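Only one structure is covered here, and it is reproduced in the block below.
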Number of protein chains: 2
Amino acid sequence: MVRVTSIGFPNGRIETTKANNEMITLKDVAKRAGVSPSTVSYVLSGKKKVKEETRSKIYEAVKTLNYSPNKVARSLKTNSTNTIGVMVNNLSDMFFIDILKAIESTAYEYKYNVILCDAVNSEEREISNLRSLLGQRIDGLIFAGTGKNKKLNLDRLGIPVVTLDRSAGSGSGSIYVDNVKGGELATEHLIQAGKLPIALITYSTLISTFFDRMYGYRKTLEKYGLPYNEDLVVVTDFGTYNEGYNAVRELLKRKVEFQSLFAVNDMLALGAMRALVEEHYKIPEDISVVGYDDIPIAKLFLPALTTVSQPQYQIGRKATELLIRTINKEPIEEAEKSIVITPELIVRETA
Amino acid sequence: MVRVTSIGFPNGRIETTKANNEMITLKDVAKRAGVSPSTVSYVLSGKKKVKEETRSKIYEAVKTLNYSPNKVARSLKTNSTNTIGVMVNNLSDMFFIDILKAIESTAYEYKYNVILCDAVNSEEREISNLRSLLGQRIDGLIFAGTGKNKKLNLDRLGIPVVTLDRSAGSGSGSIYVDNVKGGELATEHLIQAGKLPIALITYSTLISTFFDRMYGYRKTLEKYGLPYNEDLVVVTDFGTYNEGYNAVRELLKRKVEFQSLFAVNDMLALGAMRALVEEHYKIPEDISVVGYDDIPIAKLFLPALTTVSQPQYQIGRKATELLIRTINKEPIEEAEKSIVITPELIVRETA
DNA sequence: TTGAAAGCGATACCAC
DNA sequence: GTGGTATCGCTTTCAA
């Protein structure tokens with residue numbers, strides 16, 4: 001069924017016509033075309049057959065009046081807004097940019113709008129944003145929030161929710177990247193290059209994402225019969241560039257030797273690299289570095305960062321499609337509801 | 001006047017209560033509290049005095065029913081959605097990230113929602129997105145679109161518009177960064193360091209932003225009695241990293257000598273730096289580089305990029321405040337409607 | 001194939 | 001202070 005969501009304006013004009021800035025309504029169109037409001041609605045929604053003659057009369061009126069349907073009124077009646085909400089943990093985290101781009105783009109194709117909320121690492125703000133989104137009557141939610149909100153039960157929001165890469169309640173679907181695998185990939189690469197021992201810069205182990213990456217590191221060391229040395233790991237509070245920088249300084253202070261370094265996200269890796277360069281280490285000759293995420297600048301960096309890639313665009317697109325299909329009550333097989341994406345090691349210049 | 005936009009849920013719960021997933025309405029609350037719907041409305045909006053006793057009865061009912069007002073209905077009635085639209089030219093352009101963050105954050109403070117649209121460099125998409133936003137009845141728009149859409153008259157959208165850094169119609173306000181000044185700053189810095197001649201990598205001179213930066217470059221050369229040499233300038237199509245890279249290759253092919261390079265945006269500068277490094281030029285010893293924008297990674301880069309800063313967070317915040325004040329019909333002096341922000345040269349490691 | 005009219009869930013005017 | 005009710009602009013059932 002074709003649903004006309006947006007009525008074309010003549011000549012690409014996007015303007016109001018009524019002088020007093022009042023909106024043209026469906027009634028105005030009906031009057032002008034000499035038909036009833038319902039008929040206009042039928043024509044515009046394409047939900048009922050209407051005689052060709054009346055149709056064109058109506059289109060005519062729509063054009064000359066430059067009519068644009070009021071989606072608020074439609075929403076009230078149909079109880080659906082054609083809008084999805086997106087909650088990200090932190091917009092500064094470049095990891096979300098391509099995801100957001102993909103969501104916006106996919107939503108656009110399906111004629112959905114996107115309302116954006118940033119939790120800025122705050123659980124309160126997360127809740128408060130969520131409340132607002134729900135009040136706006138969004139049709140569904142893509143959730144990539146703080147991941148540490150215990151009060152939050154995404155299954156009881158009353159709308160479909162797709163979660164990204166966090167396990168804060170299952171929701172009606174989730175896109176999950178195998179972080180253990182990613183940790184293994186990175187570690188294995190460094191082991192095979194003989195760059196031992198491997199230092200680890202990680203981030204809150206309370207968040208499963210990072211716990212898993214770290215677990216992949218440990219598991220792989222074990223697999224190769226290598227010791228796990230706590231002196232080689234630094235745990236940071238937020239996973240930022242500055243913390244990556246400080247982590248290396250800390251490592252250096254500890255006077256432990258290491259030939260390579262695995263950071264559980266790219267920002268940490270970049271910060272670490274700065275510290276290494278300042279101390280005149282050559283990358284990768286002296287110390288190899290592997291990051292995680294493949295944020296947009298990873299490949300642009302000097303030297304280009306070797307990293308574990310999470311296909312961000314794909315994640316965003318799949319999440320949006322899954323969400324919209326759920327909103328539309330399309331039958332979705334159980335297997336499709338939980339999409340697991342396999343990370344990939346992108347070898348560039350730092351390892 | 002205090003406007004209660006969001007009703008607190010007890011214990012931080014965000015859940016539906018009616019088993020059949022039906023929404024609780026104001027009428028339900030009224031019935032439960034034994035009052036009329038209008039009284040409930042008065043209490044929740046705080047627009048009329050209501051006896052303390054009835055008030056608490058109503059709050060009581062709101063709590064136990066876990067009522068959340070339907071903003072769609074409110075919007076229909078009040079003809080305002082508490083939502084602002086944001087149109088950016090391209091989300092991949094990291095220049096917009098902090099702006100977006102600021103917009104989101106400021107909107108949050110004022111209890112506004114943000115609907116995000118990405119024109120992805122396409123004028124068609126820009127128009128079509130705009131149409132959709134207007135259909136959604138947004139209260140106002142922050143516009144930082146392609147800047148080349150001739151069909152677009154932002155003054156006739158029927159809602160307040162604040163434009164960012166483009167001159168596509170004045171709108172009801174604009175935040176303008178003095179790009180000529182920025183071009184001067186960069187050029188002057190290089191001249192005074194004696195890094196002559198200065199190559200220029202620029203981007204569509206049809207967009208005033210970039211035309212102005214280039215003009216600042218020419219003007220400054222003139223001021224110092226230096227020749228303007230066309231062989232030293234490369235004009236790119238989109239201002240991307242890859243184009244910056246290719247621009248340097250082009251410059252090298254032309255066999256013109258240059259000791260420094262001014263790129264009209266940071267992405268071009270970063271791409272240029274890559275090409276220089278690949279050709280074994282040392283930055284800044286052999287060739288100095290100055291960018292423009294101060295995108296988030298500029299200071300993180302290796303070497304850290306010297307660049308002309310546009311205070312992105314401030315731009316976003318001011319734009320949002322100006323917009324919301326306009327929406328609320330607050331009196332705004334003519335001078336405040338056009339905010340000019342002075343760029344600043346941030347000297348780091350590349351020049 | 002078309003039209004009349006009820007109603008979505010708020011707000012706000014006007015009575016009392 | 002409180003309540004009845006028309007209204008916002010659309011969709012949709014039912015009847016013609």
Side-chain angles (χ1 to χ4, degrees), chain A residues 1 3-7 16 18 21-58 61-62 65 67-82 134-137 139, chain B residues 1 3-7 16 18 21-58 61-62 65 67-82 134-137 139:
Chain A
M1 181 200 70
R3 168 84 169 270
V4 181
T5 331
S6 155
I7 305 302
T16 52
K18 279 200 185 175
N21 230 338
E22 262 173 46
M23 279 298 161
I24 288 103
T25 73
L26 185 140
K27 262 187 191 164
D28 296 325
V29 176
K31 201 177 294 173
R32 171 106 194 178
V35 296
S36 81
S38 33
T39 311
V40 176
S41 178
Y42 296 144
V43 168
L44 298 184
S45 68
K47 282 193 184 160
K48 263 197 176 174
K49 279 212 176 78
V50 175
K51 214 200 299 171
E52 183 51 41
E53 199 189 318
T54 6
R55 281 172 72 94
S56 55
K57 264 197 303 191
I58 289 171
V62 164
L65 292 177
Y67 168 70
S68 160
N70 184 328
K71 289 191 197 154
V72 174
R74 168 184 287 165
S75 290
L76 179 59
K77 184 67 190 174
T78 61
N79 202 23
S80 86
T81 52
N82 263 263
L134 258 26
Q136 299 277 348
R137 297 296 187 270
D139 293 340
Chain B
M1 183 200 70
R3 167 85 169 269
V4 180
T5 332
S6 155
I7 305 301
T16 52
K18 279 201 185 175
N21 229 338
E22 261 173 48
M23 279 298 160
I24 287 101
T25 73
L26 183 141
K27 265 186 191 165
D28 296 326
V29 175
K31 201 177 296 173
R32 171 106 194 181
V35 297
S36 82
S38 32
T39 310
V40 177
S41 178
Y42 296 145
V43 168
L44 298 183
S45 68
K47 282 191 183 162
K48 265 199 177 175
K49 279 211 177 79
V50 175
K51 215 199 300 172
E52 182 51 41
E53 198 189 319
T54 9
R55 281 171 72 93
S56 55
K57 263 197 305 190
I58 288 172
V62 163
L65 292 177
Y67 166 71
S68 160
N70 183 328
K71 289 193 197 152
V72 174
R74 168 185 286 167
S75 291
L76 179 61
K77 183 66 190 173
T78 62
N79 201 25
S80 87
T81 52
N82 263 263
L134 258 25
Q136 301 276 348
R137 295 298 187 270
D139 293 341

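Computed from a prediction, not measured in an experiment: that's the story for all the values here. Per chain, numbering begins at 1; letters A, B, ... match sequence-line order.
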Minimum-distance pair of heavy atoms, taken over all atoms of A/D139 and A/S80: OD1-CA, 3.4 Å
Non-hydrogen atoms of B/A61 and B/A33 that approach each other most closely: CB-CB, 4.0 Å
Nearest-angstrom distance from the residue atom CG of A/L76 to P of C/dG7: 14 Å
Side-chain donor-acceptor contact under 3.5 Å, B/S41 with B/S38: no
First encountered from the 5' end of DNA chain C, between B/Y42 and B/A73: B/A73
Contact nearer the 5' end of DNA chain D, comparing B/G34 with B/N79: B/G34
Within-4.5 Å side-chain heavy-atom neighbours: B/N70 and B/T25: no
Short side-chain N/O contact from A/T39 to OP1 or OP2 of C/dT1, under 4.0 Å: no
Short side-chain N/O contact from B/S36 to OP1 or OP2 of D/dG3, under 4.0 Å: yes
Sidechain-backbone polar pair: B/T54 side chain, B/V50 backbone, donor-acceptor under 3.5 Å: no
Heavy-atom closest pair, residues A/R32 and A/L65: CB-CD1, 4.0 Å
Minimal non-hydrogen separation, B/V72 against A/L76, with atom names: CG1-N, 3.5 Å
N or O in side chain of A/S41 less than 4.0 angstrom from D/dT11 OP1/OP2: yes
Candidate nucleotides D/dC10, C/dA5, C/dA10, ranked by approach to the side chain of A/S38 - the nearest: C/dA5
C/dA10 OP1/OP2 closer than 4.0 Å to side-chain N/O of B/Y67: yes
A/K48, nearest nucleotide to its side chain (from C/dA10, D/dT12, D/dC14): D/dC14
Side-chain donor/acceptor contact of A/K51 with base of C/dT1 under 3.5 Å: no
Pairwise 5' ranking along DNA chain D for A/L26 and B/E52, keeping only the more 5' one: B/E52
Protein-nucleotide distance (B/K57, atom NZ; D/dG3, atom C1'), rounded to Å: 13 Å
Rounded distance (Å) that lies between atom C1' of D/dG9 and atom CG of A/L65: 15 Å
Under 4.0 angstrom between A/K27 side-chain N/O and D/dC10 OP1 or OP2: no
Backbone N/O of B/S75 and side chain of B/T81: donor-acceptor pair under 3.5 Å: no
Sugar-phosphate, base or nothing in reach of B/S75, heavy atoms under 4.0 Å: nothing
Whole-Å distance separating the CD atom of B/Q136 from the P atom of D/dG9: 17 Å
Spacing of A/N70 atom CG relative to C/dC8 atom P, expressed in whole Å: 18 Å
Separation of C/dG7 C1' from B/M23 CE (nearest whole Å): 18 Å
Length of the NZ-C1' vector between B/K71 and C/dT11, whole Å: 16 Å
Sugar-phosphate only, base, or nothing, as touched by A/V35 at under 4.0 Å among non-hydrogen atoms: sugar-phosphate
D/dT11 phosphate, OP1 or OP2, under 4.0 Å from A/T78 side-chain N/O: no
Listed nucleotide nearest any side-chain atom of A/K77, set C/dG9, D/dC10, C/dT2: D/dC10
Axial bend angle, the helix from C/dT1-D/dA16 to C/dC16-D/dG1: five-pair end segments, nearest 10°: 40°
Distance, rounded to the nearest Å, where A/R74 contributes CZ and D/dT12 contributes P: 9 Å
